[in-house]
Asker: 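If you scroll down you'll find the structure; I have some questions about it.
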Amino acid sequence: MTLHLHDSAAGAVREFAPLVPGQVGIYVCGATPQGSPHLGHVRAQVAFDVLRRWLLRTGHQVTMVRNVTDVDDKILAKAAEAGVPWWAHAYRFEREFAAAYDALGVLPPTVEPRATGHVPEMVELIARLLERGHAYAAPDGSGDVYFDVRSWPSYGELTHQSLDDMEPAADADPRGKRDPRDFALWKGAKPSEPASASWDTPWGRGRPGWHLECSAMARRYLGPRFDVHGGGLDLRFPHHENEQAQSRAAGDGFANFWLHNHFVTMAGEKMSKSLGNVLGVPHLLREHRAVVLRYYLVSAHYRTALEHSATSLVEAEAAYSRLEGFVRRAAERLGEPATGAAPEQVPDAFAAAMDDDLATPAALAVLHEAVRAGNSALAAGEQEALRSAYRQVRAGLDVLGLDPFSEPWASQAQGSDTARAALDVLVRARLQDRATARAARDFATADAVRDALKDAGIVIEDTPTGARWSLEGEQ
RNA sequence: GGUGGAGUGGCCGAGAGGUUAGGCAGCGGCCUGCAAAGCCGUCCACACGGGUUCGAAUCCCGUCUCCACCUCCA
């Protein structure tokens, strides 16, 4: 089987084939840094990171473009509220988003372009649209330039809507639109807005409309036609619909596949600021390991809503610890180092699941089954079966970005090597005392050692090959 | 009004005509000096009402409920 992906435009799962064999261009909508990232934001990036990792593992070269929309209405509004320059506000949160993505093990994009750095590309795109008769400068002198939806018969094709059935946009300020559904390509500067938030164009000073930057930047880095455009389900309309309309109307083929991830929900409802049910990533990372957050996000299919409750992450911790614990115990038994590149050969069933529109829940089920077999092999002392399970599990986890021996998790788990080594000497001495006591059937002393270590956050497990220790919450 | 999606065991979450999804929690057992970890077993559900079928969570009809987008949104 080859990779099949659900294409929102087609409304169906299609066989995926790169436009250029072996090379895949992906554009993912990144942050509009107006505030802190929440779990939903990172869900999207983790989902497309898994796609990227699977493509890499199956021999593709991937160009991953993730934009930062660093100027928009909300950024200007929030910055004004906070009394800081809009660019300082945007950059502050851009860094928070980057930190959240890094923490969750999302591979850095190939390039991360900012809207503000691509005004010339936008101007060029607007010029093409004007030339082709799909855009017009507002006649009211506002400096706005609009996309003319009536001039583009396929408008609505991405979301399968017809213009006439859409609710007329309750736009507070139509500012000279021909049709209420026309959207701004360029927004003329307003006196109330900072001068630093506008750029010169042939149509006057102003700033980008919301959708324009993605079309301009996708073309700049991926060309007029590219493989995959991804983003959250809520971006389908109007954002993605408008991107596609303006790019195609300008003569670009644009995205071959549209992928949309579903939301993280709480009590069935989308996590969103307006509902006040957001879980901030920085906050969550104080309570849970990042790798557990990632496991949790990968445990549901990217196209279904992921319900979050108070126990979700506790359960994810238990589930991930089972996988991680096996990998560590197996490595110890096999004499494998706790670092280094993961094996590449994933189980066939795992590959089949991934090829089936990135069916991560099924893929994880394969790994859990391999862990069970591996644990049995561990107990039975079957080296070859153990080695096989170990390799399968690590290879699979690596595709999901969850291999405990790969970065960023490997170095996090180990802490400082020198401190760890020192601790190891001390703990081993205590374990030796315990072993002596146990041999003498002095269980009171033996248990006292274990309890003392436990109080210090060091967990002792007896195995057929002797006691092993680990730090709490790390397996 | 338009478009799309969902209701699965205590919880999360797959599946999409017959075969164990998987995980978490619970319970019983094995292992262990006791633990921990692990293994085995158990619980074994598909919103509701009809229908098709030898057989339906999966197909059809109807009903109810919920969610998302159409305004900013991952």
Side-chain angles (χ1 to χ4, degrees), chain A residues 8 11 28-32 34-35 37-48 72-74 77 97 156 159-172 181 210 230-239 241 260-265 267-274 278 295-296 299-323 325-326 329 353 359-369 371-376 378-380 438 441-444 446-447 450-451 454 459-464 467-468 470 475:
Chain A
S8 302
V28 180
C29 282
T32 298
Q34 45 145 322
H38 65 235
L39 198 52
H41 293 124
V42 291
R43 180 182 192 190
Q45 295 308 324
V46 167
F48 296 111
D72 95 316
D73 295 354
K74 284 216 165 161
F97 271 85
T159 49
H160 317 110
Q161 304 178 91
S162 81
L163 263 182
D164 300 311
D165 290 331
M166 288 179 198
E167 274 182 8
D171 196 319
R181 284 149 295 216
W210 173 32
L233 196 53
D234 45 5
L235 294 180
R236 270 187 320 174
F237 194 92
H239 186 51
E241 186 73 69
H260 290 102
N261 63 280
H262 216 303
F263 312 122
V264 177
T265 59
E269 286 183 314
K270 173 185 169 186
M271 186 174 287
S272 73
K273 287 225 171 77
S274 48
V278 292
Y295 177 90
Y296 170 64
S299 71
H301 185 91
Y302 77 93
R303 278 194 296 117
T304 68
L306 172 57
E307 173 70 7
H308 184 274
S309 71
T311 57
S312 295
L313 290 174
V314 175
E315 288 172 15
E317 170 72 50
Y320 181 70
S321 292
R322 174 179 157 75
L323 300 169
F326 166 71
R329 277 178 273 116
T360 53
L364 278 174
V366 172
L367 300 187
H368 272 107
E369 279 167 5
V371 163
R372 184 186 306 120
N375 275 325
S376 294
L378 197 57
R438 288 180 75 204
R441 302 195 68 78
D442 176 6
F443 296 122
D447 290 350
R450 189 173 61 197
D451 291 346
K454 169 92 175 147
V459 182
I460 302 308
E461 291 169 36
D462 289 320
T463 77
R468 69 185 285 266
S470 58
Q475 297 311 304

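Sequence lines set the chain letters: A, B, ... in the order given, protein chains first and strands last, and positions in each chain run from 1.
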Asker: Considering every strand shown, what is the Watson-Crick or G-U wobble mate of B:rG62 when both distances are under 3.5 Å?
Answerer: B:rC48
Asker: Could you tell me whether A:A318 contacts a base, only the sugar-phosphate backbone, or nothing, with contacts defined as non-hydrogen atoms closer than 4.0 Å?
Answerer: sugar-phosphate
Asker: Does any nucleotide pair with B:rG18 by Watson-Crick or G-U wobble geometry, both distances under 3.5 Å, and what is it?
Answerer: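 By the stated definition (distances under 3.5 Å), B:rC54 pairs with B:rG18.
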Asker: Check this for me: does any side-chain nitrogen of one of A:D447 and A:R450 sit under 4.0 Å from a carboxylate oxygen of the other?
Answerer: yes
Asker: I'd like to know whether A:H308 forms a side chain to side chain contact (heavy atoms under 4.5 Å, CB included) with A:T265, so could you lay out the CA-CA distance, the side-chain angles of the two residues, the decisive distance to 0.1 Å, and finally the verdict.
Answerer: CA-CA 6 Å; A:H308 184 274; A:T265 59; over 6 Å; no
Asker: Let's test this: given Watson-Crick or G-U wobble pairing with both distances under 3.5 Å, identify the partner of B:rG33.
Answerer: none
Asker: 5'-most contact on RNA chain B: A:V314 or A:C29, nearest heavy atom basis?
Answerer: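 Nearest nucleotide further toward 5': that of A:V314.
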Asker: Please determine if a side-chain N or O atom of A:H368 lies less than 4.0 Å away from the OP1 or OP2 oxygen of B:rG22.
Answerer: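 Checking B:rG22 against A:H368, no side-chain N or O comes under 4.0 Å of OP1 or OP2.
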Asker: How far apart are the C-alpha atoms of A:F48 and A:N261, what are their side-chain angles, what is the distance that settles it, and do they pass the side chain to side chain contact (heavy atoms under 4.5 Å, CB included) test?
Answerer: CA-CA 9 Å; A:F48 296 111; A:N261 63 280; 3.6 Å; yes
Asker: To the nearest Å, give me how far apart CD (A:E241) and P (B:rC69) are.
Answerer: 16 Å
Asker: Would you say A:K454 places a side-chain N or O within less than 4.0 Å of OP1 or OP2 belonging to B:rA36?
Answerer: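 The answer is no; no side-chain N or O of A:K454 sits under 4.0 Å from OP1 or OP2.
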Asker: With a cut-off of less than 4.0 Å, is there a side-chain N or O of A:R322 near OP1 or OP2 of B:rG23?
Answerer: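 Affirmative; the distance criterion is met.
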Asker: Please classify the nucleic acid contact of A:A365 as base, sugar-phosphate, or nothing, using heavy-atom distances under 4.0 Å.
Answerer: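 The answer is base, as A:A365 lies within the cut-off (heavy atoms under 4.0 Å) of a base atom.
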Asker: In terms of ring plane angle, is the pair A:Y320 and A:Y295 parallel, tilted or perpendicular, where the classes change at 30° and 60°?
Answerer: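 Answer is tilted, since the angle falls between 30° and 60°.
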Asker: Does A:H239 use its side chain to pair, donor to acceptor, with the backbone of A:R236 at less than 3.5 Å?
Answerer: no
Asker: Say we look at B:rC27 and B:rC44: how far apart would their C1' atoms be, to the nearest angstrom?
Answerer: 14 Å
Asker: Side-chain contact, heavy-atom cut-off 4.5 Å: A:N375 with A:R372?
Answerer: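 They are not in contact (no side-chain heavy atoms under 4.5 Å apart), so the answer is no.
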Asker: Between B:rC43 and B:rU8, how far apart are the two C1' atoms, rounded to whole Å?
Answerer: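 One C1' to the other, the span is 16 Å.
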Asker: To the nearest Å, give me how far apart CG (A:N375) and P (B:rG38) are.
Answerer: 6 Å
Asker: When the nearest nucleotide of RNA chain B is assigned to A:R441 and to A:A359 on a heavy-atom basis, which residue is associated with the more 5' position?
Answerer: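 So the residue in question is A:A359.
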Asker: Just the rounded figure in Å: distance from P of B:rG10 to CD of A:E315.
Answerer: 14 Å
Asker: Please classify the nucleic acid contact of A:H308 as base, sugar-phosphate, or nothing, using heavy-atom distances under 4.0 Å.
Answerer: nothing
Asker: Let me know the distance between CD of A:E317 and C1' of B:rA25, rounded to the nearest Å.
Answerer: 15 Å
Asker: Should B:rU71 form a Watson-Crick or G-U wobble pair with both distances under 3.5 Å, which nucleotide is its partner?
Answerer: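 Pair assignment: B:rU71 / none.
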Asker: Is A:Q34 touching bases, backbone alone, or none of the nucleic acid, heavy atoms closer than 4.0 Å?
Answerer: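 If one applies the 4.0 Å heavy-atom cut-off, A:Q34 turns out to touch nothing in the nucleic acid.
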Asker: Given the P atoms of B:rG23 and B:rC34, what is the spacing between them in whole Å?
Answerer: 27 Å
Asker: What integer number of Å spans the P atoms of B:rC31 and B:rG9?
Answerer: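 Each nucleotide's P atom is 36 Å from the other's.
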Asker: Can you measure A:E461 atom CD to B:rA35 atom P for me and round it to whole angstrom units?
Answerer: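 Atom CD in A:E461 sits about 15 Å away from atom P in B:rA35.
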Asker: What contact category does A:H260 fall into here, base, sugar-phosphate, or nothing, at under 4.0 angstrom with non-hydrogen atoms?
Answerer: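 Touches nothing.
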Asker: Give A:A305 one of three labels, base, sugar-phosphate or nothing, depending on what nucleic acid heavy atoms sit under 4.0 Å from its own.
Answerer: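 Since only primed, P, OP1 and OP2 atoms lie under 4.0 Å of A:A305, the category is sugar-phosphate.
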Asker: Which part of the nucleic acid does A:F263 contact within heavy-atom distance under 4.0 Å: base, sugar-phosphate only, or nothing?
Answerer: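 Base: the residue A:F263, judged by heavy atoms under 4.0 Å, touches a nucleobase.
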Asker: Rounding to an integer number of Å, can you tell me how far A:R438 CZ sits from B:rA36 C1'?
Answerer: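 To the nearest whole Å, that distance equals 11 Å.
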Asker: Under 4.0 Å between a side-chain N/O of A:S376 and OP1 or OP2 of B:rG38, yes or no?
Answerer: no
Asker: Starting from P on B:rA37, measure out to CG on A:D462 and report it in whole angstrom.
Answerer: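 These atoms are roughly 13 Å apart.
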Asker: Using a 4.0 Å heavy-atom cut-off, does A:V366 contact any base of the nucleic acid, only the sugar-phosphate backbone, or nothing at all?
Answerer: nothing
Asker: Using the P atom on both, measure B:rG10 against B:rG1 and round to a whole Å.
Answerer: 36 Å
Asker: Do the side chains of A:L323 and A:H368 get nearer than 4.5 Å, heavy atoms only?
Answerer: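 A side-chain contact exists here, since the closest heavy-atom pair is under 4.5 Å.
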Asker: Hey, is the side chain of A:R372 poking within less than 4.0 Å of OP1 or OP2 on B:rG23, counting only N and O atoms?
Answerer: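 For B:rG23, OP1 or OP2 has a side-chain N or O of A:R372 closer than 4.0 Å.
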Asker: For A:Q161, which contact category applies under a 4.0 Å heavy-atom criterion: base, sugar-phosphate, or nothing?
Answerer: base
Asker: For B:rU42, what is the paired nucleotide under Watson-Crick or G-U wobble rules, both distances under 3.5 Å?
Answerer: B:rG26
Asker: Regarding A:L378, tell me which of base, sugar-phosphate or nothing describes its non-hydrogen contacts under 4.0 Å with the strands shown.
Answerer: nothing
Asker: Which is true for A:T304 with a 4.0 Å heavy-atom rule: it touches a base, it touches only sugar-phosphate, or it touches nothing?
Answerer: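 Sugar-phosphate, backbone atoms only, no base.
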Asker: Say you pick atom P in B:rU58 and the same atom in B:rA47; how far apart are they, in whole Å?
Answerer: 8 Å
Asker: Nearest whole angstrom, please: distance from the C1' of B:rA74 to the NE2 of A:H38.
Answerer: 6 Å
Asker: Should A:D462 and A:R468 count as an ion pair when the cut-off is N to O under 4.0 Å?
Answerer: no
Asker: Have a look at A:G40 and say if it touches a base, only the backbone sugar-phosphate, or nothing, with a 4.0 Å heavy-atom cut-off.
Answerer: base
